[in-house]
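One structure below.
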Amino acid sequence: MHRESGKPPPTITRGALRPRIYAAVRRIPPGKVATYGQVAAFAGFARHARQVGYALNDLPSGSEVPWHRVVNARGEVSPRATPGWEEVQKDLLEQEEVYFGPHDRIDLARYGWKPRATRGV
DNA sequence: ATTCTGACTTGGG
DNA sequence: CCCCAAGCCAGAA
């Protein structure tokens, strides 16, 4: 029907975006990973995948947000500005039993977070 | 107010 | 499979 709730109500614009994104990321259980777009969509912001990355970038050290469980649509760790950091994320994921493929790719079909009862496919 | 950037996504060649 | 271009939107300067 029409457009999915693409735009949030004017009552919670700006600033309210990140808290919501963090909440969505916190919902990702250990051993699972979600894509930026998935997190954004779950938070209610379908096209804000970028903003998710932005929000995570602003995360303070020691935050409870499992930022490492967020990967790009290809199932890979998004390349960031600081080289070497992706190794950290990869390591954190492996600690949660999330293993990478031969090309540093995660099988989203297996480790992808499936919110609600939405059966795969 | 305008301008630029970015831990993204999807589509086409 | 890889590479390139366009779309998208919020936040900071």
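Here is how names work: the chains are called A, B, and so on, in the same order as the sequence lines, proteins then strands, and each is numbered from 1.
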Practice item. Please name all residues satisfying side-chain contact (heavy atoms from CB on, under 4.5 Å) with A/I106, sequence neighbours left out, ordered by chain then number. Key: A/V33, A/V71, A/L93, A/V98, A/F100, A/Y111

Practice item. State which residues pass salt bridge (charged side-chain N to carboxylate O under 4.0 Å, His left out) with A/R50; sequence neighbours excluded, sorted by chain then number. Key: none

Exercise for review: Look at A/R18 and C/dC9 and indicate whether a side-chain polar atom (N or O) is within less than 4.0 Å of OP1 or OP2.
Suggested key: no

Exercise for review: Measure the CZ-CZ distance between A/R69 and A/R26 for me, rounded to the nearest 0.5 Å.
Suggested key: 11.5 Å

Study note, to complete from the structure: With sugar-phosphate taken as primed atoms, P, OP1 and OP2 and all else as base, the protein-contact string of nucleotides 7-13 of chain B at under 4.0 Å (heavy atoms; B, S, -) is BBSS---

**Study point:** A/L17 CG - B/dG6 C1' separation (whole Å)
**Key:** 14 Å

Exercise for review: Specify the separation, in whole Å, of atom CD1 of A/I21 and atom P of C/dC9.
Suggested key: 14 Å

Study note, to complete from the structure: Residues at least two apart in sequence or cross-chain that pass side chain to side chain donor-acceptor pair (under 3.5 Å) with A/K90, listed by chain then number, are A/D104

Review point. What pairs with A/E94 under salt bridge (charged side-chain N to carboxylate O under 4.0 Å, His left out), at least two apart in sequence or on another chain?
Key: none

Exercise for review: Can you sort out the partners of A/Y54 under side-chain contact (heavy atoms from CB on, under 4.5 Å), two or more places apart, ordered by chain and number?
Suggested key: A/Q51

Practice item. Classify the nucleic acid contact of A/R69 as base, sugar-phosphate or nothing, counting any heavy atom under 4.0 Å across all strands shown. Key: nothing

